[in-house]
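First comes the structure, then the notes that go with it.
Just so we're clear, the structure is a prediction, and the values are computed from it rather than from any experiment. Within every chain, numbering begins at 1; the chains are lettered A, B, ... in the order of the sequence lines, protein sequences first and strands thereafter.
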There are 2 protein chains.
Amino acid sequence: MKKLRISIENVKNLLEAKGVKPSFQRISVLKYLLQENNHPSVDTIYKNLVSQIPTLSRTTVYNTLKLLSEKEVISTLSISNTDLRFDFVGEPHDHFQCNTCGKIYDIYEISDFSELKTVDGHQVQEMQLHLKGTCNRCLESLN
Amino acid sequence: MKKLRISIENVKNLLEAKGVKPSFQRISVLKYLLQENNHPSVDTIYKNLVSQIPTLSRTTVYNTLKLLSEKEVISTLSISNTDLRFDFVGEPHDHFQCNTCGKIYDIYEISDFSELKTVDGHQVQEMQLHLKGTCNRCLESLN
DNA sequence: TATAAATTTGTAATGATTACAAATATAGAA
DNA sequence: TTCTATATTTGTAATCATTACAAATTTATA
Ligand SMILES: [Mn+2]
Ligand SMILES: [Mn+2]
Ligand SMILES: [Zn+2]
Ligand SMILES: [Zn+2]
């Protein structure tokens, strides 16, 4: 829940390092992901940015997320069964989604499959551990 | 890939044991899941059954899968980012989806989180490990 | 049989995502 | 700077998965 303060310069350098031309829209999307760290949907990103960028198109958000995903700047989470969620690729970590409030939490130090390159002859390129249940906040409010 | 031969009686008993009234449609859906073991989408199930049950409605497939999921007879896999997939709940296992052919494979003996009831104060009710990459068949055909 | 409850069905509505072409912005050459 | 090619963004329409819902059918019960 720590909201980070991320400079535009940092984001710009990050994009350039990954071979992505740092347009204003792309910087905005990645900056949003980094400082909110809330695993947002396309629509959440769009709605939050369109107030600052009135000309922003939903298609641009889709395009940007697809591009950043291909360049492995971000990862696409299929944990929600209603829409895709997006996350910055930093430290490897897992995710927990609350069945009550829907919020997605980062989980560290549960799984470590970093050395897993192959299983049953399949070449593994990506792995996600998805946990679901009731989050600590929602458990609290049951009292 | 072993196609199982499942008797209707077995499926009927399975449903009754879980408190689900074994209608013809429900038996058909669960029997399909059990003997194909192919982690199908709603549409795959519908298209395969409608030839035998011409009056079958897609809504019935949706209703049945929702009911069986609630009764924990089946599990809903969110591994594909285009549609939901369904699986019988038997031995705990993980899944690998091939980025090339799209097929979903069962993976056994990778993860064991069966004792994990709580993490960071969140109550865990369900967990899924999703692997993605290139499957052994598709690797073969690259030669 | 008559009636109520459960289940199935078909259609319409919703919501997420993709397709696509026009508009705009950016970069490089002259 | 101006011209031109390329990259990016935008808006709209189309597609696909899923849900809502009420009518029709089946099943259970009196
Ligand atoms: Mn995360
Ligand atoms: Mn499986
Ligand atoms: Zn919660
Ligand atoms: Zn494959």
Query raised in the report: Which ones in residues 48-58 of chain B lie close to DNA chain C, meaning a heavy atom under 4.0 Å from one of its atoms?
Result: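 Result for residues 48-58 of chain B: Thr55(B), Leu56(B), Ser57(B), sorted by number.
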Query raised in the report: Counting only non-hydrogen atoms, which of residues 15-24 of chain B are less than 4.0 Å from DNA chain C?
Result: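 Per residue number, the list reads Lys21(B), Ser23(B).
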Query raised in the report: salt bridge (charged side-chain N to carboxylate O under 4.0 Å, His left out) with Glu9(A): which residues, sequence neighbours excluded?
Result: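 Lys12(A).
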Report task. Please name all residues satisfying salt bridge (charged side-chain N to carboxylate O under 4.0 Å, His left out) with Lys47(B), sequence neighbours left out, ordered by chain then number. Result ->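 Listed in chain order: Asp43(B).
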Given atom [atom1] of [X] and atom [atom2] of [N], what is their separation to the nearest angstrom?
X: Leu84(A); N: dC16(D); atom1: CG; atom2: P; answer: 17 Å
X: Asp43(B); N: dT19(D); atom1: CG; atom2: C1'; answer: 15 Å
X: Lys66(A); N: dT8(D); atom1: NZ; atom2: P; answer: 14 Å
X: Asp83(A); N: dT19(D); atom1: CG; atom2: P; answer: 12 Å

Requested in this report: Nearest-nucleotide wise, let me know which of Thr59(A) and Thr59(B) is further upstream toward the 5' end of DNA chain C.
Outcome: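 Result of the comparison: Thr59(B).
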Query raised in the report: Between Thr82(B) and Thr64(B), who's closer to the 5' end of DNA chain C by nearest nucleotide?
Result: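 Result of the comparison: Thr64(B).
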I want to check something: taking the side chain as every heavy atom from C-beta on, are [X] and [Y] in contact at a cut-off of under 4.5 Å?
X: Val73(B); Y: Leu30(B); value: yes
X: Asp106(B); Y: His39(B); value: yes
X: Leu129(B); Y: Phe113(A); value: yes
X: Tyr108(B); Y: Asp94(B); value: no
X: Ile79(A); Y: Phe96(A); value: no

Query raised in the report: Take atom CD1 in Ile8(B); do more than 12 heavy atoms of anything else shown fall under 6.0 Å from it?
Result: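 Incorrect, the count does not exceed 12.
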Query raised in the report: Is a donor on one side and an acceptor on the other found under 3.5 Å between the side chain of Ser41(A) and the backbone of Thr44(A)?
Result: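 Between the backbone of Thr44(A) and the side chain of Ser41(A) there is a qualifying donor-acceptor contact (under 3.5 Å).
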Query - Evaluation steps, side-chain hydrogen bond (donor to acceptor under 3.5 Å, both in side chains), between Asn10(B) and Ser7(B) - result: CA-CA 5 Å; Asn10(B) 288 155; Ser7(B) 81; 3.0 Å; yes
Query - Steps toward side-chain hydrogen bond (donor to acceptor under 3.5 Å, both in side chains) verdict (Thr134(A), Gln125(B)) - result: CA-CA 8 Å; Thr134(A) 311; Gln125(B) 287 149 7; 3.1 Å; yes
Query - Sugar-phosphate, base or nothing in reach of Asn63(B), heavy atoms under 4.0 Å - result: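 Base contact - Asn63(B) has a heavy atom under 4.0 Å of at least one base atom.
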Report task. I would like to know whether Asp87(B) and Arg85(B) meet salt bridge (Lys or Arg N to Asp or Glu O under 4.0 Å); could you show each step before the answer? Result -> CA-CA 7 Å; Asp87(B) 200 7; Arg85(B) 302 304 191 86; over 6 Å; no
Query raised in the report: Using the C1' atoms of the five pairs at each end, what is the angle between the end axes of the helix from dT1(C)-dA30(D) to dA30(C)-dT1(D), to 10°?
Result: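 Between the first-five-pair axis and the last-five-pair axis there is 10°.
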Report task. Please test His95(B) against Tyr105(B) for ring-ring contact (aromatic ring centres under 6.0 Å, His included), starting from the C-alpha separation and ending with a verdict. Result -> CA-CA 6 Å; His95(B) 294 96; Tyr105(B) 295 82; over 10 Å; no
Query raised in the report: From the 5' end of DNA chain C to its 3' end, which nucleotides mark the outer limits of contact with chain B, defined by a 4.0 Å heavy-atom distance cut-off (strictly under)?
Result: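 Going 5' to 3' along DNA chain C, contacts run dT7(C) to dT11(C).
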